[in-house]
Structures are given as structure tokens and as C-alpha cells.
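Side chains included, hydrogens not; waters and symmetry mates left out as well; all remaining heavy atoms used.
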Amino acid sequence: MRILFVLPHMPADPDDTLDDSTCALRTAAALGRRGHEVRLLVPSRREQVRERAGVTVHEFAPGVMRPRDAGDHGEMLHALREQPDFDLLLACEYWIRFAGIVKTGFVPDVVDCDALEGIGFFLVHQRLLGRKEACAPVVTSCRAPGFLRDPANWIDSYQLPRYLAHSRELYQLVASDAILVTSQFMRSTLEERLHGESPYVCPPYVRDDDWPDAMAPAPNKTLLFWGRLGYSSGVLSLLKVCRYLWDEGLVFKVNLAGRSEFHAVKGCDMATHIGDRYRRYVSRGLLNLSTGTGGDLSLREMLKESRALIYPALFDDTPHSYLEAMAFGRPVIASQSGGQADLIEPGRSGLMFRDLGQLEEHIKTILAAGPSELEELGRCAQERVRTWCDPNSSLNGRVAWYQGLIERSACTNRTLFPRLARLDGKPTPSFSGQPAPPKLKDCGRDLISVVIPCYNLGKYLRESIDSVCRSDYRPIELIVVDDASTDELTRRVLDEIENLHLGDPELSISILRQDRNRGVEEVRNLGATVSEGEFLCFLDADDLVHPEYFSKCAAVLKQYDNVGFVGSWAREFGNSSGYRTVPNFDFPFSLLWNQAFSCSLIRRCAYRKAWVPTILEDYEQWISIAESGWAGVVIPEVLFFYRMRRNSRYSGSTSYEARIAYQLIVKAHADTYQRYGDELFLLLFQNFSYNAYDNVSPEAMPLRFWLRVPSTAIKMIVPKKIRYRLRHRFRIPAGKSFLPAFARKVLRR
């Protein structure tokens, strides 16, 4: 079997017990020793392919590949490099490297991809869209995803672009072919969050037959914490109990070893916070901090000097450190909030606690235990981990599960596209099957009707029509609706088009002329009424489409019964240049920002008439379609070309018009906005300035309020491409005002 593991990073040492990828690396090496062809795809500091722990590792340096070297994905890579979302760019590079490995001849039978930061987002998305490179089923290994880990660490999960990274993690989970976890704890957590998805539980692989001999009980009263020094690891709760015991006069030593993480609540490093808060205990030699990486040898040496390992995690899956401790025959004191509850048998192979009172009692028990009691706990712990993490049952079960997944994937064809709106616990209307399509005329069910509203745009109309005629999709009917144009050039172009003979029986063009100007929303509704196609597209008279646009969009609509409209990424041209990369249209984020273009291909039975007499009539239509349970899909390719004109309807509008349009939309969809009101409030509150509400008088406005003037000047003077490069260079996240964030970055340096 050919297996490709996609990891967020490579451990510095194959025996590094502090690294999340250690288990995956050891599992890959063990599968390789059993005759499977295993490869790893990981980011690194250099571009190379080498052997590591007996497997082939493809390492790539993020940000090094040039778009011209990315082949068919060059424009996709170039478009994302202009955006400040670096996690999305990294996910794109994972996909490009994966496609490159497939082209070299290594076509995996199954792909095992980590869920951290949504690195497999494009991998599963392109598989759903039918890319031939992504033919293998994708398994998402969920160890410590950010959407679960960040709230446990009190990290703001609504800050952009972190919120979007969490959405991509969730999307990867529901869009992959299967989910793999290492504990019942993580399985129940995901089942509660994903509403019905049932992950496969595979105990972690520890080692083959080279199990170490049980260590002799340590004579000194020393306890060891080995793991990440973060809020979710429970280290602050542990020290709170230890301080109480120390102040009572109980003498024992605690070693804290691990990588220190950022303590978001205090705004500093966790090791720094602990060192400052418990300085007097450090000076007395009761507390020792060690923030080095360390490997298996250093853990072994520290375990020799420790009576037990303490792991008081508030939230975790299956930490590798306590598995190693039990394998060496050391007792473990662990909380019940994590995957460790699956392994430890309370009172026999370890001690489990539910609250701090129980933790205090267990610490006293371990410190007062004699050598025989410690030896018995260690022996039971070693037997338990050998049984639970038996390499034969673990690896054989994983391989058998892989094989079953491959067989099911070969004979199963998805017909429903995954949606995130059903994962938030809100009463979103569910899709209950595709409504009956309207009765069509003799043109057949595959017809695409392209409606082009036109008002005094004869200068660009012919070019727009030509782009539709060059499409590789057939049949197409093109309906140009003249909204009582007064321009002589436009009238002449319309007359030429009306008398045009195409010579293609599957392509027709018709002109509808209005006696008076009715507005774009009424013109679109009229075009939709007279059209005959199963699919609708509203294309502005000055915009263009790629020759493959309609064929790729129609393929998605034909495959998935619950997809209501399909669009793509866009490239600006004309008076401005740049790219617009948007995610799938899904609630609640889509209620804040329009994530679809007006030219998206719509299923006729999902179409809703436009009624908002403003610049956002298409946005209101997408919300209406999504409310009915339809999914909105975006193809991550530049297939639409958006002309930027100074005198266009959108660019010529004012901010007041946009605010009025949003008021109309919110009132028309009040139930939906109320349904997601808490998340919408947090998204707005965490990403926009709220200090302006402290005092609304002009004299009391904060400095960032007055920086809007020079920021606006910068946008007018500095080209957009240079601003994007500066954002990428100084890592200024999306949603942050350019000038204040740029000034803070420079001052810090």
C-alpha cells in the first residue's frame, strides 16, 4: 500500500516526545518496516528529498517556489501571495507540492493529513472539485486542532485571520473521506462538534518490541511535568496546588520541562509568567524550569530522578510524554480531561483526578508511597501501555481501516457538498433533497443561460460576449438585456450583435430592449424569466470569463445535488490590478462579507429574484439561496475577470449607499442575522476598533481614528501590489489598518 503522510512540521529528533508529529513519524517508519511504501510531505528550511527514519521525506521551504515553477497552479500561488493570510498560502503550497509528487509517479492509495491550521484545505477541496491529482481518499488525523486548542488556551479565536484558519480546519474535517483520532475523548468531542461525524479511533503507536525495562523507584521526592508549557496543559493549576502544599510545609521538588507557549491572558511567555509569579519557590530549589526541546534520552534521565509524571491537562488528545513515562514504568498522575483517561486505570496503572482537591490528595499519596507501592504502580502502567498500544493491533487495525476506506471510496460517489453552517449548533434550514427542476423547453437540461444587463456599455459589450462564445461548454444561450441605453455606440453594437450569425447550433444570442430604464435588479429578473436554461449566469457587460469557467462550474452543479451556485476566484483588470480570493459561501462569515461574485453560475431551482434596489442586489440573492439550505462553492482558480472602472456603478457609489444596502439586507433576513448574532458580534468586536465608542466627541477620538486620513492617502498613492508586498514582508494580518500596524511593526524592530 502507498501511504502519504502530510504533517505540519518535522520533529527535530525522531524521539522528541514534545512534538505533535512524533507519533506520525514513528507510525510512518513502522509501516515502512512492514513493507508499505510510505512518504512524508513536510515544510522545512530547505528543498530536499531524503530518507528519515526509514521513510522518504519530501521537504519544501514555504515561500520559496516561484509562480512560474508551479505549472498550472502558478496563478493560484501568485494570487494568494498578494493576500495577508499566510496559513492559506501554506495550504496552497501543500497542495502544489502534493500535485508535484503525484506527477513524479508516486500515486498514493491513501493520504493521511494532519488537521492543524487546515493544511489539507486545498487537498480535500480540490478532491471534491474532481481534480485528477487528488484521486486518493484523504484521512484527516485530528490531534490538537486550533479550533479546539485555542479556546482552551484562552486565545481569541474570532481574530482574523485566525477565525478563517479555524473554519478551514473544520472544513477539512467534514470534507475529508474519514477522520482518525487516537482517543475516545477526542472522538466524543468531535462528534459533539461535527453533529454525526464518527471518527475512527486508532491507539497511538509507541514502539515495536524494544520495550525498556521498568525503572527502579526514585528515592527522592521529585515530580516531573513534561509537555508544552501552556494554559491548556494545566500547569498553572498544578503550581497552584503545589504552592499550597509548599506553604503547608511539605517538601518536594517539581521539574517543569517543555516548550513554553504564549500566555495570551497575560500577554507574555508562559515560562516568564511562571518565573515571575513563583520566583521564591524557584530560589528555594522547589521549582525548576527547563524549556529546552529534549529527546527521549533526556526524558529517560529526568524520569530516573522522578517519582511520577504529572499531566494535569485541561484539554488534550493523547500526549506522547505520558505514554513514554508509562512505557518506562513510571506512575502517572493525570486529569480526566483528555485522551489519557482512555489508557490509565485509576488506582492500578495510574492516578486520575477530576478537580484540584483530588490532585492534592494524589500528590500526597505519591510522595508518601513506599518503594514497593511505586514499583507495583509502575509495573501495571507498563503492562497497560503495552496492551493498549500494542504495535500489531494498532498498525494492523490502521492498515485494515485504510484498505476498507479505499474500497468504499472506489464505489461511493458523493452527491452532497459539505457545509460548515450545520456545525455551529444553529437551527439552519437543512437541505432535504433537490427541488423539482422547472419544466424546460426543447433546449434540454444542460443549457446555460447567460444574461448580460447592458446600459451604455457598448464599448465593452462585444468583448464580454466574445469571452462567452469562446467557452468550451455547450449548449449556451446568451441574452443581452438593453436597459434603454442612450449611448449611440451601445445601440450600434447591439444592432450588430442582433444580426450576428454564429454558425453554432448550440450557441444562440438574443437581444431584449427596454422602453425605459428599470435598474439592474429588474433587468436581471427579466432575463431570468425569459431564459430557458437549467443554469443561470448574470454577467456584467464589462466583465469577462475564462473559456473553462462554465464547464468547471457546471460540473460541480451536476455532481452535487445541494449546491445552489458556483463561482471562482477573480482577477481585476482595467484601472486596477489584483486578485480576489474568496472562500466558499457559508454562514456566519458570509453574513459580514460578500464571498461570491455576481457572475456565479446558479441552479435555476435555487434562483431567487433580486429585489434590493442598491449596489448589493447579488449579495442579497446569495444570502437568500443559502438560507434555503443550498451550498455556495468557490473554485480556487482565476476563471473570472473583473473590470475596474472609475465610473462604474459600484466604484461610483458612496459608503452611505453601502450602509443603506446592508440595512435593507439585515432587515430582510433578520431571523438569520439573529441566529448568528453572537458570532457576528464577536467577529466585529474583535476585529474592529471599539475604543471609538468610549467618547464620540472629535477631541477624544483615538489616534488610530485620525490615522485614517494618511492611510487613505497611502491607498491612493502607493500601488496595491506594493502594499500587499509590505503586508507580506511585515506579516500584517487581514482586517488591520495598514499604517498603524506598519508603524508598530517598524517600532518593534
Side-chain angles (χ1 to χ4, degrees), residues 72 129-130 437-455 457-483 485 489-514 523-559 563 565-568 570-571 573 597-607 635 637-643:
D72 298 338
L129 297 179
K439 185 177 180 180
L440 304 176
K441 298 184 180 180
D442 297 336
C443 52
R445 292 198 58 188
D446 293 333
L447 178 67
I448 291 180
S449 298
V450 182
V451 178
I452 302 181
C454 179
Y455 178 71
L457 289 177
K459 181 180 179 181
Y460 312 106
L461 179 60
R462 189 60 182 266
E463 187 179 3
S464 179
I465 292 176
D466 289 342
S467 71
V468 176
C469 294
R470 287 194 297 268
S471 174
D472 60 357
Y473 184 89
R474 292 294 186 272
I476 293 178
E477 71 165 347
L478 204 156
I479 303 172
V480 181
V481 184
D482 176 28
D483 196 15
S485 297
L489 174 62
T490 302
R491 293 180 176 179
R492 186 168 63 252
V493 171
L494 288 171
D495 292 337
E496 294 174 359
I497 295 173
E498 194 170 20
N499 298 321
L500 188 65
H501 298 285
L502 300 175
D504 188 345
E506 294 188 310
L507 178 64
S508 63
I509 300 179
S510 58
I511 308 294
L512 294 181
R513 301 179 187 268
Q514 299 297 299
V523 169
R524 287 184 176 181
N525 293 334
L526 175 62
T529 302
V530 301
S531 64
E532 302 175 348
E534 180 185 4
F535 309 116
L536 292 172
C537 176
F538 299 101
L539 181 66
D540 290 343
D542 56 345
D543 294 336
L544 310 175
V545 293
H546 191 275
E548 297 180 354
Y549 177 75
F550 291 124
S551 60
K552 291 187 175 182
C553 292
V556 178
L557 288 171
K558 292 177 181 179
Q559 180 178 356
V563 175
F565 58 96
V566 183
S568 73
R571 187 177 70 190
F573 71 105
F597 295 105
S598 58
C599 71
S600 297
L601 192 63
I602 312 171
R603 193 187 301 270
R604 178 177 288 274
C605 50
Y607 170 71
I635 300 174
E637 297 180 44
V638 180
L639 302 175
F640 173 59
F641 306 95
Y642 186 62
R643 188 187 301 272

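- In this view, F565 and F585, W622 satisfy the ring pair (Phe, Tyr, Trp, His ring centres under 6.0 Å) rule, not counting sequence neighbours.
- Applying the salt bridge (charged side-chain N to carboxylate O under 4.0 Å, His left out) test to K558 and every residue at least two apart in sequence or in another chain returns D446.
- Between atom CG of residue L536 and atom SG of residue C605 there is a gap of 10.0 Å, rounded to the nearest 0.5 Å.
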Stepwise salt bridge (Lys or Arg N to Asp or Glu O under 4.0 Å) test for R491 and D495: CA-CA 6 Å; R491 293 180 176 179; D495 292 337; over 6 Å; no
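- Distance check, rounded to the nearest 0.5 Å: CG of L129 to OG of S568 gives 11.0 Å.
- Closest approach of F550 and V468 over heavy atoms only: CE1-CG1, 4.1 Å.
- Atom-to-atom distance recorded for H546:NE2 and E637:CD is 8.5 Å, nearest 0.5 angstrom.
- From I511, atom CD1 reaches atom SG of C454 across 8.5 Å, with rounding to the nearest 0.5 Å.
- F640 contributes atom CZ, which lies 8.0 Å from atom CG of L544 (distance to the nearest 0.5 angstrom).
- A salt bridge (Lys or Arg N to Asp or Glu O under 4.0 Å) check over residues 471-482, counting only residues at least two apart or in different chains, returns the pairs R474-D504.
- Taking 4.5 Å as the limit, some side-chain heavy atom of C469 sits within range of a side-chain heavy atom of L507.
- Residues satisfying the salt bridge (charged side-chain N to carboxylate O under 4.0 Å, His left out) criterion with D543, sequence neighbours excluded, are absent altogether.
- With values rounded to the nearest 0.5 angstrom, E506 atom CD is found 11.5 Å from I448 atom CD1.
- Residues satisfying the ring pair (Phe, Tyr, Trp, His ring centres under 6.0 Å) test with Y455, not counting sequence neighbours, are none.
- Not a single ring pair (Phe, Tyr, Trp, His ring centres under 6.0 Å) links Y549 to another residue, sequence neighbours left out.
- Contact of the L461 side chain with the L494 side chain is registered, since non-hydrogen atoms from C-beta on lie closer than 4.5 Å.
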